[in-house]
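Presented below is the structure to which this report refers.
Being a predicted model, the structure only gives us computed values, none of them experimental. Letters A, B, ... mirror the listed sequences (proteins, then strands); counts begin at 1.
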Amino acid sequence: MLESEYQEQNRFFLNMGPQHPSTHGVLLIVLEMEGEYVLDPQPVLGFIHRMHEKMGESRPCQGFMPNTARMDYVCALPYNHGYVSLIERKAGIEVPKRAEYIRVITSELNRVASHLLWLGAYLLDLGAFTPILYGFDDREHILDILERITGSRLTYCYYRFGGVYKDVDDKFIEATRAFIKRMRKRYVIYEKLVTKNIIFIKRAENIGIVSPDMALRYGMTGPNLRGSGIAYDVRKNEPYSVYPEFDFEIPVGEQGDCLDRYMVRVQEIEQSLRIIEQALDRLPDGPVRSKVKKNIKLTPGDCNFAVEAARGELSYYLVGDGTSTPYRLKVRVPSYSNLSCLPELGRGILLPDLVSILGSFDLVIPEMDR
Amino acid sequence: MKQYFSELYTGGKSLVEGLGVTMKALFSPIVTVQYPREEIDITPNYRGHIDLILDTGKNTYLCISCGMCEKSCPSDCIKVKGKKMEGEKKKSLVLFDLDFTKCSLCGTCVEVCPKDALEYSQEYNLAAFTKEAFHFDILKRLEERRI
Ligand code: SF4
Ligand code: SF4
(Lines give C-alpha, C1' and ligand atoms only; values in the text may rest on other atoms or scores of the structure.)
(Ligands and ions follow the chains in the order given, each with its own letter.)
Protein backbone atom coordinates (compact mmCIF):
# COMPACT_ATOMS: atom_id res chain seq x y z
CA MET A 1 0.00 0.00 0.00
CA LEU A 2 1.28 3.43 -0.89
CA GLU A 3 1.86 5.84 1.92
CA SER A 4 -0.60 8.35 0.45
CA GLU A 5 -3.25 5.66 0.27
CA TYR A 6 -2.62 4.79 3.86
CA GLN A 7 -3.08 8.42 4.82
CA GLU A 8 -6.28 8.62 2.83
CA GLN A 9 -7.68 5.68 4.71
CA ASN A 10 -6.84 7.15 8.07
CA ARG A 11 -8.39 10.51 7.40
CA PHE A 12 -11.97 10.99 8.43
CA PHE A 13 -14.42 13.61 9.52
CA LEU A 14 -15.84 13.68 12.97
CA ASN A 15 -18.80 15.73 14.12
CA MET A 16 -18.20 16.96 17.62
CA GLY A 17 -21.55 18.25 18.76
CA PRO A 18 -24.08 19.75 18.53
CA GLN A 19 -25.00 17.50 21.42
CA HIS A 20 -21.55 16.81 22.71
CA PRO A 21 -21.19 17.34 26.45
CA SER A 22 -17.91 19.21 26.16
CA THR A 23 -19.17 21.80 23.69
CA HIS A 24 -21.43 23.15 26.46
CA GLY A 25 -24.44 23.74 24.35
CA VAL A 26 -25.38 23.35 20.77
CA LEU A 27 -22.09 24.00 19.08
CA LEU A 28 -20.93 21.80 16.26
CA ILE A 29 -17.28 21.40 15.49
CA VAL A 30 -16.46 19.54 12.31
CA LEU A 31 -13.12 17.90 12.82
CA GLU A 32 -10.93 16.62 10.06
CA MET A 33 -8.96 13.92 11.79
CA GLU A 34 -6.07 11.70 11.13
CA GLY A 35 -6.11 9.03 13.76
CA GLU A 36 -6.17 10.79 17.11
CA TYR A 37 -4.87 14.04 15.65
CA VAL A 38 -7.03 16.95 14.64
CA LEU A 39 -6.06 18.43 11.30
CA ASP A 40 -8.70 21.07 10.95
CA PRO A 41 -11.41 21.97 13.47
CA GLN A 42 -14.17 24.15 12.05
CA PRO A 43 -16.85 25.49 14.40
CA VAL A 44 -20.36 25.65 12.99
CA LEU A 45 -22.84 27.95 14.65
CA GLY A 46 -26.49 28.66 14.18
CA PHE A 47 -28.29 25.91 16.05
CA ILE A 48 -29.72 28.18 18.69
CA HIS A 49 -30.10 31.44 16.85
CA ARG A 50 -33.05 33.37 18.28
CA MET A 51 -32.72 36.75 16.55
CA HIS A 52 -32.15 38.68 19.73
CA GLU A 53 -30.82 41.70 17.89
CA LYS A 54 -33.83 41.77 15.61
CA MET A 55 -36.13 41.48 18.61
CA GLY A 56 -34.36 44.47 20.09
CA GLU A 57 -35.06 46.44 16.93
CA SER A 58 -38.73 45.58 16.80
CA ARG A 59 -40.01 46.70 20.19
CA PRO A 60 -39.64 49.69 22.49
CA CYS A 61 -36.27 49.63 24.22
CA GLN A 62 -37.70 48.53 27.60
CA GLY A 63 -38.93 45.34 26.01
CA PHE A 64 -35.43 44.10 25.30
CA MET A 65 -34.47 43.87 28.97
CA PRO A 66 -35.48 40.21 29.50
CA ASN A 67 -33.66 39.24 26.30
CA THR A 68 -30.32 40.44 27.62
CA ALA A 69 -30.33 37.78 30.30
CA ARG A 70 -31.16 35.06 27.80
CA MET A 71 -28.06 35.66 25.77
CA ASP A 72 -25.62 34.67 28.47
CA TYR A 73 -27.62 32.83 31.05
CA VAL A 74 -24.59 32.00 33.16
CA CYS A 75 -23.61 35.59 33.78
CA ALA A 76 -26.79 37.51 33.12
CA LEU A 77 -26.38 40.57 35.32
CA PRO A 78 -23.47 42.17 33.41
CA TYR A 79 -25.65 41.77 30.32
CA ASN A 80 -28.43 43.62 32.12
CA HIS A 81 -25.88 46.18 33.17
CA GLY A 82 -24.57 46.84 29.68
CA TYR A 83 -28.00 47.36 28.25
CA VAL A 84 -29.40 49.64 30.94
CA SER A 85 -26.22 51.70 30.88
CA LEU A 86 -26.46 52.00 27.12
CA ILE A 87 -29.98 53.38 27.26
CA GLU A 88 -29.06 55.59 30.21
CA ARG A 89 -26.17 57.04 28.24
CA LYS A 90 -28.36 57.53 25.19
CA ALA A 91 -31.26 59.13 26.98
CA GLY A 92 -29.19 60.94 29.60
CA ILE A 93 -30.73 59.24 32.61
CA GLU A 94 -29.14 59.78 36.00
CA VAL A 95 -28.63 56.77 38.21
CA PRO A 96 -28.60 57.09 42.00
CA LYS A 97 -25.32 56.17 43.64
CA ARG A 98 -26.83 53.39 45.71
CA ALA A 99 -28.23 51.75 42.63
CA GLU A 100 -24.79 51.77 40.98
CA TYR A 101 -23.29 50.14 44.04
CA ILE A 102 -25.96 47.48 44.08
CA ARG A 103 -25.35 46.86 40.40
CA VAL A 104 -21.65 46.39 41.00
CA ILE A 105 -22.21 44.04 43.95
CA THR A 106 -24.72 41.86 42.15
CA SER A 107 -22.71 41.84 38.91
CA GLU A 108 -19.61 40.72 40.73
CA LEU A 109 -21.53 38.03 42.59
CA ASN A 110 -22.78 36.82 39.27
CA ARG A 111 -19.24 36.81 37.90
CA VAL A 112 -18.09 34.62 40.78
CA ALA A 113 -21.02 32.27 40.17
CA SER A 114 -20.11 32.10 36.50
CA HIS A 115 -16.47 31.32 37.22
CA LEU A 116 -17.48 28.62 39.68
CA LEU A 117 -19.73 27.01 37.14
CA TRP A 118 -16.96 27.20 34.56
CA LEU A 119 -14.48 25.65 36.95
CA GLY A 120 -16.73 22.68 37.55
CA ALA A 121 -17.64 22.28 33.91
CA TYR A 122 -14.06 22.53 32.72
CA LEU A 123 -12.93 19.85 35.11
CA LEU A 124 -15.88 17.76 34.02
CA ASP A 125 -14.61 18.02 30.45
CA LEU A 126 -11.26 16.76 31.60
CA GLY A 127 -12.91 13.80 33.26
CA ALA A 128 -12.92 14.92 36.89
CA PHE A 129 -16.40 14.66 38.29
CA THR A 130 -15.86 15.81 41.86
CA PRO A 131 -14.99 19.53 41.53
CA ILE A 132 -18.29 20.47 39.92
CA LEU A 133 -20.10 19.35 43.05
CA TYR A 134 -18.01 21.67 45.20
CA GLY A 135 -18.41 24.43 42.65
CA PHE A 136 -22.16 24.03 42.60
CA ASP A 137 -22.33 23.98 46.36
CA ASP A 138 -20.69 27.41 46.48
CA ARG A 139 -22.59 28.71 43.50
CA GLU A 140 -25.84 27.71 45.14
CA HIS A 141 -25.17 30.21 47.93
CA ILE A 142 -24.81 33.00 45.40
CA LEU A 143 -27.96 31.95 43.59
CA ASP A 144 -29.86 31.98 46.87
CA ILE A 145 -28.57 35.44 47.69
CA LEU A 146 -29.49 36.76 44.27
CA GLU A 147 -32.84 34.99 44.24
CA ARG A 148 -33.87 36.77 47.39
CA ILE A 149 -33.53 40.19 45.84
CA THR A 150 -33.97 39.66 42.12
CA GLY A 151 -36.74 37.07 42.29
CA SER A 152 -35.13 34.72 39.81
CA ARG A 153 -32.25 32.31 39.87
CA LEU A 154 -30.64 32.45 36.49
CA THR A 155 -32.13 34.74 33.89
CA TYR A 156 -32.27 37.86 35.98
CA CYS A 157 -34.14 40.92 34.90
CA TYR A 158 -33.14 43.02 37.84
CA TYR A 159 -31.78 46.31 36.60
CA ARG A 160 -34.04 49.01 35.33
CA PHE A 161 -33.37 52.19 33.42
CA GLY A 162 -32.34 54.60 36.12
CA GLY A 163 -31.71 52.08 38.88
CA VAL A 164 -32.61 48.63 40.04
CA TYR A 165 -35.94 46.91 40.54
CA LYS A 166 -35.71 46.38 44.26
CA ASP A 167 -33.57 47.67 47.09
CA VAL A 168 -31.29 45.33 49.00
CA ASP A 169 -31.80 44.80 52.72
CA ASP A 170 -29.62 43.97 55.69
CA LYS A 171 -30.18 40.28 55.22
CA PHE A 172 -28.68 40.51 51.76
CA ILE A 173 -25.61 42.29 53.07
CA GLU A 174 -25.24 39.76 55.86
CA ALA A 175 -25.60 36.80 53.52
CA THR A 176 -23.11 38.28 51.07
CA ARG A 177 -20.54 38.84 53.78
CA ALA A 178 -21.07 35.31 55.02
CA PHE A 179 -20.57 34.04 51.52
CA ILE A 180 -17.29 35.94 51.10
CA LYS A 181 -16.03 34.42 54.31
CA ARG A 182 -17.07 30.97 53.25
CA MET A 183 -15.63 31.31 49.76
CA ARG A 184 -12.24 32.34 51.09
CA LYS A 185 -12.12 29.21 53.18
CA ARG A 186 -12.96 27.10 50.17
CA TYR A 187 -9.89 28.19 48.18
CA VAL A 188 -7.89 25.56 50.03
CA ILE A 189 -10.23 22.87 48.83
CA TYR A 190 -10.00 23.97 45.22
CA GLU A 191 -6.25 24.21 45.45
CA LYS A 192 -5.88 20.72 46.85
CA LEU A 193 -8.50 19.23 44.61
CA VAL A 194 -7.69 20.92 41.33
CA THR A 195 -4.83 23.37 41.13
CA LYS A 196 -2.27 20.99 42.53
CA ASN A 197 -3.71 17.87 41.00
CA ILE A 198 -1.12 16.26 38.79
CA ILE A 199 -3.62 14.94 36.25
CA PHE A 200 -5.16 18.35 35.83
CA ILE A 201 -1.77 20.02 35.43
CA LYS A 202 -0.73 17.51 32.79
CA ARG A 203 -3.93 18.14 30.87
CA ALA A 204 -3.70 21.93 31.04
CA GLU A 205 -0.07 22.96 31.12
CA ASN A 206 1.45 23.90 27.76
CA ILE A 207 -1.79 22.99 26.02
CA GLY A 208 -3.43 25.44 23.65
CA ILE A 209 -0.92 28.24 23.89
CA VAL A 210 -2.45 31.48 22.64
CA SER A 211 0.29 34.01 22.00
CA PRO A 212 -0.48 37.66 22.80
CA ASP A 213 -0.26 38.47 19.12
CA MET A 214 -2.76 35.78 18.22
CA ALA A 215 -5.11 36.84 20.99
CA LEU A 216 -5.11 40.39 19.67
CA ARG A 217 -5.52 39.31 16.07
CA TYR A 218 -8.70 37.43 16.88
CA GLY A 219 -10.05 40.08 19.21
CA MET A 220 -10.09 37.87 22.25
CA THR A 221 -11.11 39.52 25.48
CA GLY A 222 -11.67 38.65 29.10
CA PRO A 223 -9.79 35.98 31.02
CA ASN A 224 -8.71 34.36 27.75
CA LEU A 225 -6.84 37.50 26.72
CA ARG A 226 -5.50 38.09 30.20
CA GLY A 227 -4.26 34.52 30.28
CA SER A 228 -1.96 35.48 27.44
CA GLY A 229 -0.44 38.21 29.55
CA ILE A 230 -2.30 41.28 28.32
CA ALA A 231 -3.85 43.19 31.20
CA TYR A 232 -6.96 44.46 29.49
CA ASP A 233 -10.13 44.71 31.49
CA VAL A 234 -12.98 47.07 30.63
CA ARG A 235 -13.49 47.73 34.34
CA LYS A 236 -10.02 49.29 34.45
CA ASN A 237 -9.29 50.43 30.92
CA GLU A 238 -12.62 52.00 30.16
CA PRO A 239 -14.19 52.34 33.60
CA TYR A 240 -17.94 52.43 33.87
CA SER A 241 -20.40 52.60 36.74
CA VAL A 242 -18.58 53.05 40.07
CA TYR A 243 -15.69 50.69 39.35
CA PRO A 244 -13.00 53.41 39.52
CA GLU A 245 -13.79 53.78 43.22
CA PHE A 246 -12.62 50.30 44.06
CA ASP A 247 -9.20 48.90 44.52
CA PHE A 248 -8.67 45.66 42.66
CA GLU A 249 -6.12 44.03 40.47
CA ILE A 250 -6.23 42.38 37.10
CA PRO A 251 -4.65 38.96 37.24
CA VAL A 252 -2.71 38.01 34.14
CA GLY A 253 -1.13 34.79 32.96
CA GLU A 254 2.29 34.26 31.47
CA GLN A 255 2.25 32.13 28.38
CA GLY A 256 -1.43 31.76 27.54
CA ASP A 257 -1.96 28.04 27.97
CA CYS A 258 -5.01 26.40 29.49
CA LEU A 259 -3.46 26.48 32.94
CA ASP A 260 -2.92 30.25 32.72
CA ARG A 261 -6.53 30.81 31.73
CA TYR A 262 -7.56 28.64 34.66
CA MET A 263 -5.36 30.55 37.09
CA VAL A 264 -6.61 33.93 35.87
CA ARG A 265 -10.20 32.95 36.54
CA VAL A 266 -9.45 31.52 39.94
CA GLN A 267 -7.63 34.70 40.92
CA GLU A 268 -10.45 36.79 39.50
CA ILE A 269 -12.83 35.23 42.01
CA GLU A 270 -10.77 36.74 44.80
CA GLN A 271 -10.65 40.12 43.06
CA SER A 272 -14.42 40.10 42.65
CA LEU A 273 -14.82 39.30 46.33
CA ARG A 274 -12.58 42.27 47.12
CA ILE A 275 -14.76 44.57 45.04
CA ILE A 276 -17.91 43.26 46.70
CA GLU A 277 -16.41 43.76 50.15
CA GLN A 278 -15.44 47.35 49.45
CA ALA A 279 -18.81 48.09 47.91
CA LEU A 280 -20.63 46.64 50.90
CA ASP A 281 -18.54 48.75 53.26
CA ARG A 282 -19.28 51.93 51.39
CA LEU A 283 -22.84 51.25 50.29
CA PRO A 284 -24.48 54.68 50.39
CA ASP A 285 -28.03 55.34 51.47
CA GLY A 286 -30.62 56.84 49.23
CA PRO A 287 -33.04 55.93 46.50
CA VAL A 288 -32.36 53.03 44.16
CA ARG A 289 -34.36 54.21 41.23
CA SER A 290 -34.70 57.60 39.64
CA LYS A 291 -37.84 58.82 37.95
CA VAL A 292 -37.76 57.85 34.32
CA LYS A 293 -40.31 58.68 31.67
CA LYS A 294 -42.42 55.70 30.60
CA ASN A 295 -41.73 56.36 26.96
CA ILE A 296 -38.02 56.81 26.42
CA LYS A 297 -37.22 58.52 23.13
CA LEU A 298 -33.93 57.48 21.56
CA THR A 299 -32.47 60.54 19.90
CA PRO A 300 -31.09 60.14 16.37
CA GLY A 301 -27.47 59.10 16.38
CA ASP A 302 -25.44 56.23 17.67
CA CYS A 303 -24.20 55.22 21.06
CA ASN A 304 -22.03 52.47 22.44
CA PHE A 305 -21.49 50.96 25.84
CA ALA A 306 -19.07 48.26 26.89
CA VAL A 307 -18.93 46.28 30.09
CA GLU A 308 -16.79 43.45 31.32
CA ALA A 309 -18.83 40.27 31.42
CA ALA A 310 -17.41 37.08 32.90
CA ARG A 311 -16.18 35.99 29.50
CA GLY A 312 -14.82 39.28 28.26
CA GLU A 313 -15.84 42.54 26.73
CA LEU A 314 -19.51 42.85 26.00
CA SER A 315 -20.50 45.86 24.02
CA TYR A 316 -23.85 47.15 22.92
CA TYR A 317 -24.16 49.48 19.96
CA LEU A 318 -27.35 51.33 19.31
CA VAL A 319 -28.59 53.66 16.60
CA GLY A 320 -31.64 55.68 17.46
CA ASP A 321 -34.07 57.40 15.10
CA GLY A 322 -36.14 59.53 17.42
CA THR A 323 -38.67 56.87 18.35
CA SER A 324 -38.51 54.63 21.38
CA THR A 325 -37.62 51.60 19.25
CA PRO A 326 -33.93 51.25 18.37
CA TYR A 327 -33.22 51.54 14.67
CA ARG A 328 -30.26 49.21 15.05
CA LEU A 329 -29.02 47.25 18.02
CA LYS A 330 -25.79 45.36 17.75
CA VAL A 331 -24.40 43.19 20.49
CA ARG A 332 -20.75 42.32 20.49
CA VAL A 333 -20.28 39.23 22.61
CA PRO A 334 -16.95 37.95 23.90
CA SER A 335 -17.34 34.21 23.28
CA TYR A 336 -17.68 34.62 19.53
CA SER A 337 -14.26 36.20 19.13
CA ASN A 338 -12.77 33.86 21.69
CA LEU A 339 -13.89 30.85 19.72
CA SER A 340 -12.76 32.18 16.36
CA CYS A 341 -9.13 31.33 17.00
CA LEU A 342 -9.96 27.64 17.31
CA PRO A 343 -9.19 26.62 13.69
CA GLU A 344 -5.70 28.06 14.00
CA LEU A 345 -5.10 26.88 17.54
CA GLY A 346 -6.45 23.40 17.06
CA ARG A 347 -4.41 22.40 14.04
CA GLY A 348 -2.34 19.29 14.59
CA ILE A 349 -3.20 18.64 18.22
CA LEU A 350 -4.62 15.61 19.92
CA LEU A 351 -8.39 15.35 20.25
CA PRO A 352 -8.35 15.28 24.09
CA ASP A 353 -6.31 18.49 24.02
CA LEU A 354 -8.95 20.12 21.86
CA VAL A 355 -11.52 19.30 24.52
CA SER A 356 -9.27 20.88 27.11
CA ILE A 357 -8.86 24.03 25.01
CA LEU A 358 -12.59 24.35 24.37
CA GLY A 359 -13.26 23.99 28.07
CA SER A 360 -10.64 26.56 29.02
CA PHE A 361 -12.25 29.14 26.73
CA ASP A 362 -15.40 29.15 28.84
CA LEU A 363 -17.79 29.29 25.92
CA VAL A 364 -21.46 29.99 26.27
CA ILE A 365 -23.12 29.06 23.02
CA PRO A 366 -26.43 30.98 23.29
CA GLU A 367 -24.33 34.08 23.68
CA MET A 368 -22.56 33.56 20.35
CA ASP A 369 -25.72 32.45 18.59
CA ARG A 370 -27.93 35.23 19.75
CA MET B 1 14.96 7.76 36.36
CA LYS B 2 15.26 10.07 39.31
CA GLN B 3 12.88 12.52 37.73
CA TYR B 4 10.42 9.73 37.09
CA PHE B 5 10.30 8.84 40.75
CA SER B 6 10.09 12.42 41.94
CA GLU B 7 7.17 13.00 39.58
CA LEU B 8 5.56 9.84 40.83
CA TYR B 9 5.96 11.09 44.36
CA THR B 10 4.55 14.60 43.82
CA GLY B 11 1.79 13.21 41.63
CA GLY B 12 0.86 10.59 44.18
CA LYS B 13 0.91 13.16 46.95
CA SER B 14 -1.44 15.48 45.05
CA LEU B 15 -3.87 12.63 44.50
CA VAL B 16 -3.82 11.63 48.15
CA GLU B 17 -4.42 15.25 49.18
CA GLY B 18 -7.37 15.41 46.81
CA LEU B 19 -8.75 12.23 48.31
CA GLY B 20 -8.39 13.83 51.71
CA VAL B 21 -10.75 16.60 50.63
CA THR B 22 -13.24 14.02 49.44
CA MET B 23 -12.99 12.11 52.71
CA LYS B 24 -13.66 15.27 54.66
CA ALA B 25 -16.70 16.01 52.54
CA LEU B 26 -17.94 12.48 53.10
CA PHE B 27 -18.26 13.11 56.80
CA SER B 28 -19.57 16.67 56.61
CA PRO B 29 -23.29 17.46 56.76
CA ILE B 30 -25.34 16.69 53.68
CA VAL B 31 -26.34 19.72 51.64
CA THR B 32 -28.49 18.02 49.04
CA VAL B 33 -32.24 18.34 49.49
CA GLN B 34 -34.19 15.29 48.41
CA TYR B 35 -36.66 17.03 46.15
CA PRO B 36 -39.58 16.25 45.67
CA ARG B 37 -39.78 14.45 49.01
CA GLU B 38 -38.34 17.47 50.76
CA GLU B 39 -38.84 21.03 49.70
CA ILE B 40 -37.08 24.22 50.58
CA ASP B 41 -39.14 27.28 51.34
CA ILE B 42 -38.84 29.73 48.53
CA THR B 43 -38.34 33.39 49.18
CA PRO B 44 -41.44 35.62 49.24
CA ASN B 45 -39.69 37.72 46.61
CA TYR B 46 -39.77 34.87 44.13
CA ARG B 47 -41.12 35.94 40.78
CA GLY B 48 -43.40 33.30 39.39
CA HIS B 49 -46.08 33.99 36.79
CA ILE B 50 -48.41 36.89 37.48
CA ASP B 51 -51.59 36.75 39.49
CA LEU B 52 -54.29 39.26 40.26
CA ILE B 53 -54.17 40.61 43.77
CA LEU B 54 -57.19 39.83 45.87
CA ASP B 55 -58.40 42.86 47.74
CA THR B 56 -59.56 41.18 50.91
CA GLY B 57 -61.67 44.14 52.00
CA LYS B 58 -63.80 44.18 48.87
CA ASN B 59 -63.23 40.48 48.16
CA THR B 60 -62.44 41.19 44.54
CA TYR B 61 -59.68 42.27 42.20
CA LEU B 62 -58.24 45.76 41.96
CA CYS B 63 -57.92 45.68 38.21
CA ILE B 64 -59.81 48.31 36.22
CA SER B 65 -59.26 46.57 32.86
CA CYS B 66 -57.27 49.50 31.50
CA GLY B 67 -55.14 47.24 29.34
CA MET B 68 -51.82 48.84 30.21
CA CYS B 69 -50.26 45.49 31.04
CA GLU B 70 -51.47 44.01 27.80
CA LYS B 71 -50.00 46.87 25.81
CA SER B 72 -46.63 46.98 27.50
CA CYS B 73 -45.88 43.28 27.67
CA PRO B 74 -42.91 42.72 25.37
CA SER B 75 -43.99 39.19 24.57
CA ASP B 76 -47.70 39.79 24.01
CA CYS B 77 -48.80 37.19 26.47
CA ILE B 78 -51.58 38.97 28.35
CA LYS B 79 -55.16 39.26 27.18
CA VAL B 80 -57.48 41.51 29.16
CA LYS B 81 -61.12 42.24 28.45
CA GLY B 82 -63.44 44.35 30.52
CA LYS B 83 -67.12 44.98 30.13
CA LYS B 84 -69.42 47.54 31.59
CA MET B 85 -72.07 45.71 33.50
CA GLU B 86 -75.46 47.28 33.94
CA GLY B 87 -75.86 49.43 36.97
CA GLU B 88 -72.14 49.53 37.70
CA LYS B 89 -69.84 52.47 37.35
CA LYS B 90 -66.61 50.61 36.71
CA LYS B 91 -65.79 48.11 34.05
CA SER B 92 -65.52 44.60 35.33
CA LEU B 93 -63.15 41.97 34.11
CA VAL B 94 -64.49 39.26 31.90
CA LEU B 95 -61.19 37.84 30.73
CA PHE B 96 -57.63 37.85 32.02
CA ASP B 97 -55.50 35.30 30.24
CA LEU B 98 -51.81 34.72 30.47
CA ASP B 99 -49.90 32.73 27.90
CA PHE B 100 -47.08 31.58 30.13
CA THR B 101 -45.24 29.82 27.32
CA LYS B 102 -44.14 33.22 26.05
CA CYS B 103 -43.77 35.09 29.33
CA SER B 104 -40.21 36.00 30.21
CA LEU B 105 -41.03 37.04 33.80
CA CYS B 106 -39.67 40.50 33.13
CA GLY B 107 -42.09 42.18 35.50
CA THR B 108 -43.10 44.99 33.17
CA CYS B 109 -46.80 44.27 33.61
CA VAL B 110 -46.56 44.40 37.39
CA GLU B 111 -44.69 47.69 37.25
CA VAL B 112 -46.90 49.51 34.75
CA CYS B 113 -50.18 48.65 36.39
CA PRO B 114 -51.71 51.94 37.61
CA LYS B 115 -53.74 50.18 40.30
CA ASP B 116 -51.00 47.82 41.47
CA ALA B 117 -53.40 45.02 40.78
CA LEU B 118 -50.84 42.41 39.84
CA GLU B 119 -48.41 40.34 41.86
CA TYR B 120 -46.05 37.47 41.26
CA SER B 121 -47.26 34.06 42.26
CA GLN B 122 -45.15 31.55 44.11
CA GLU B 123 -45.73 28.71 41.68
CA TYR B 124 -42.64 26.99 40.50
CA ASN B 125 -43.67 23.36 40.17
CA LEU B 126 -44.79 23.77 36.62
CA ALA B 127 -44.59 20.91 34.20
CA ALA B 128 -47.06 19.70 31.62
CA PHE B 129 -47.27 17.85 28.36
CA THR B 130 -49.23 20.37 26.33
CA LYS B 131 -48.77 24.00 25.48
CA GLU B 132 -52.35 24.75 26.42
CA ALA B 133 -51.66 23.79 30.00
CA PHE B 134 -49.66 26.98 30.30
CA HIS B 135 -52.45 29.27 29.19
CA PHE B 136 -53.51 30.39 32.60
CA ASP B 137 -56.90 31.84 33.34
CA ILE B 138 -55.78 34.37 35.91
CA LEU B 139 -59.33 35.49 36.61
CA LYS B 140 -60.36 31.97 37.48
CA ARG B 141 -57.38 31.60 39.75
CA LEU B 142 -58.59 34.67 41.59
CA GLU B 143 -62.12 33.39 41.86
CA GLU B 144 -60.78 30.27 43.51
CA ARG B 145 -59.04 32.30 46.16
CA ARG B 146 -62.14 34.31 46.84
CA ILE B 147 -63.96 33.53 50.03
S1 SF4 C 1 -43.84 39.33 33.17
FE2 SF4 C 1 -43.26 40.39 31.28
S3 SF4 C 1 -43.49 38.85 29.69
FE4 SF4 C 1 -44.59 38.08 31.48
S5 SF4 C 1 -46.68 38.76 31.20
FE6 SF4 C 1 -45.68 40.34 32.42
S7 SF4 C 1 -44.93 41.84 30.91
FE8 SF4 C 1 -45.44 39.96 29.80
S1 SF4 D 1 -52.57 47.26 33.98
FE2 SF4 D 1 -53.45 46.63 35.98
S3 SF4 D 1 -55.46 47.64 36.02
FE4 SF4 D 1 -54.75 47.73 33.90
S5 SF4 D 1 -55.63 45.89 32.94
FE6 SF4 D 1 -53.58 45.31 33.63
S7 SF4 D 1 -53.92 44.48 35.68
FE8 SF4 D 1 -55.78 45.60 35.17
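The salt bridge (charged side-chain N to carboxylate O under 4.0 Å, His left out) pairs that include a residue from residues 130-139 of chain B number zero, where partners must be two or more places apart or lie in different chains.
Shown here are the side chain to side chain donor-acceptor pair (under 3.5 Å) partners of A:Y187, two or more places apart in sequence or in another chain: A:E270.
Of the atoms belonging to A:F64, not a single heavy atom falls under 4.5 Å from chain B. In this structure, no portion of A:F200 lies under 4.5 Å from any heavy atom of chain B. Only the side chain of A:I199 comes within less than 4.5 Å of a heavy atom of chain B; its backbone N, CA, C and O stay farther away. Heavy-atom distances place the side chain of B:Y120, and not its backbone, under 4.5 Å from chain A. Heavy-atom distances place no part of A:T155 under 4.5 Å from chain B, backbone and side chain included. Neither the backbone nor the side chain of B:T108 comes within less than 4.5 Å of any heavy atom of chain A.
Closest non-hydrogen pair, B:D116 versus B:L62, comes out as O-CD1, 3.8 Å. Looking at every heavy atom in both residues, A:G56 comes nearest to A:L329 through CA-CD2, 4.1 Å.
Checked against a 6.0 Å centroid threshold, the rings of A:H81 and A:Y159 count as neighbours. The ring of B:F136 has its center closer than 6.0 angstrom to the ring center of B:H49.
Of the listed residues A:E191, A:K192, A:R148, A:R59, the one with more heavy-atom pairs under 4.5 angstrom with chain B than any other is A:R148.
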